[in-house]
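Everything on this sheet refers to the single structure shown next.
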Amino acid sequence: MKIFKYKFSKLTKSLIYAGIALCVVGFGVNIYSLIVSDIASAANPFYPILQHALMFLVPAFLLVLLISLLISSYYSIDGKTLKSSFGIIKSKYDIGTIETVTLDRTTDKLTVSFNNGSFIVIVVKEEWYDDFIDAICKANDKIEYSIKSKENNIDEKK
């Protein structure tokens, strides 16, 4: 099985790290609020307990989601399937349904097109494009690989 890590932009990575920092701050503020407030003296202690529980659950869920984006975002090719994992969101594609793989040099995007007309854009480091194409063409030799070049709009087919 060949694995290719997802490539996040610098802005996306910084937003993920900022979200993680906000979750940690949220935990700290909630713990401080829990220590300072006196739940037992509340008229109805159910609502402050519910409020604090939700204030712990929401940042915990977001923290797990953001960390899973950093750790578990990849594409894998294992002979018969192309698996896409974006954090906790996972997708499987049958390699037999792939018609073409196109490298668009004008936009530096790698696109995988399926026989039902749908497509996905592969977001990995540019230096991994050749390895990804080799792995996917090795899994199915009927896949057509084409390059759309910058100089002209004529497709080069291999």
Please name the pair of heavy atoms, one in Ser84 and one in Tyr93, separated by the smallest distance, quoted to 0.1 Å.
-> CB-CE1, 4.0 Å
Atom CG of Leu34 and atom CE of Met55: how far apart are they, to the nearest 0.5 Å?
-> 9.5 Å
Joint hydrophobic cluster, Val29 plus Leu57, side-chain heavy atoms closer than 4.5 Å | no
Closest heavy-atom contact between Phe132 and Val112?
-> CE2-CG2, 4.2 Å
Hey, mind stepping through Ile120 and Thr111 against side-chain contact (heavy atoms from CB on, under 4.5 Å) and telling me if it holds?
-> CA-CA 6 Å; Ile120 59 172; Thr111 307; over 6 Å; no
Do the non-hydrogen side-chain atoms of Leu103 and Lys148 ever get within less than 4.5 Å of each other?
-> no
At what distance, to the nearest 0.5 angstrom, does CD1 of Ile143 lie from CD1 of Ile98?
-> 4.5 Å
Out of curiosity, does Val24 fall in the hydrophobic cluster containing Val58 (side-chain heavy atoms, cut-off under 4.5 Å, transitive links)?
-> no
For Ser73, check side chain to side chain donor-acceptor pair (under 3.5 Å) against everything at least two apart and list the hits.
-> none
Looking only at heavy atoms, which two atoms of Gly19 and Leu66 are closest? And how far apart?
-> C-CD1, 3.5 Å
Test item: Ser113 side-chain N/O and Glu99 main-chain N/O as donor-acceptor pair under 3.5 Å = no
Return the set of residues passing side chain to side chain contact (heavy atoms under 4.5 Å, CB included) with Tyr47 (not counting sequence neighbours), or none when no residue passes.
-> Asn44
Could you please spell out the steps behind the side-chain contact (heavy atoms from CB on, under 4.5 Å) verdict for Ile88 and Leu65?
-> CA-CA 7 Å; Ile88 59 173; Leu65 183 68; 3.7 Å; yes
Heavy-atom closest pair, residues Gly96 and Asn140 | CA-ND2, 3.7 Å
Apply side-chain contact (heavy atoms from CB on, under 4.5 Å) to the pair Leu70 and Ile20, showing each step before the final yes or no.
-> CA-CA 11 Å; Leu70 288 177; Ile20 290 171; 4.0 Å; yes
Is there a donor-acceptor pair under 3.5 Å between the side chain of Asp104 and the backbone N or O of Lys109?
-> no
To the nearest 0.5 Å, what is the distance between CD1 (Ile89) and CZ (Phe86)?
-> 6.5 Å
Lys5 versus Ile71, closest heavy-atom pair with distance | NZ-O, 2.8 Å
Could you list all the salt bridge (charged side-chain N to carboxylate O under 4.0 Å, His left out) pairs where at least one residue sits in residues 64-81, not counting sequence neighbours?
-> Asp78-Lys83
Could you check whether the rings of Phe4 and Trp128 sit parallel, tilted or perpendicular, using 30° and 60° as the cut-offs?
-> tilted
Single-linkage hydrophobic cluster Ile95~Met1, side-chain heavy atoms < 4.5 angstrom = no
One should read off an interatomic distance between Thr81 OG1 and Asp94 CG, to the nearest 0.5 angstrom, of 8.0 Å
Nearest-0.5 Å distance, CD1 of residue Ile3 to OH of residue Tyr74 = 6.0 Å
Above 12 or not: heavy atoms from other molecules or residues under 6.0 Å from NZ of Lys142?
-> no
Taking the side chain as every heavy atom from C-beta outward, state whether Phe119 and Thr100 have any pair of such atoms under 4.5 Å apart.
-> no
Ser76 vs Lys2 side-chain heavy atoms within contact, under 4.5 Å | no
Ignoring hydrogens and angles, tell me if any N or O in the side chain of Tyr6 forms a donor-acceptor pair with the backbone of Ile122 under 3.5 Å.
-> no
Just by modelled atom types, is the Leu69 backbone N or O under 3.5 Å from a matching donor or acceptor in the Ser72 side chain?
-> no
For the side chain of Thr12 and the backbone of Phe8, is there at least one donor-acceptor N/O pair under 3.5 Å apart?
-> no
When you measure from the side chain of Ser118 to the backbone N and O of Phe114, does any donor-acceptor pair fall under 3.5 Å?
-> no
Could you tell me the separation between the CZ atom of Arg105 and the OG atom of Ser149, rounded to the nearest 0.5 Å?
-> 9.0 Å
Of all heavy-atom pairs linking Phe27 and Leu63, the shortest is CE1-CD2, 4.0 Å
Decide whether Phe46 and Leu54 are clustered together by the hydrophobic rule: side chain heavy atoms of Ile, Leu, Val, Met, Phe, Trp, Tyr closer than 4.5 Å, transitively.
-> yes
Report yes if the side chains of Ile67 and Ile16 come closer than 4.5 Å at any heavy-atom pair, otherwise no.
-> no
Any chance you could lay out the side-chain contact (heavy atoms from CB on, under 4.5 Å) test for Ile136 and Val101, step after step, and finish with the verdict?
-> CA-CA 9 Å; Ile136 205 161; Val101 177; 4.0 Å; yes
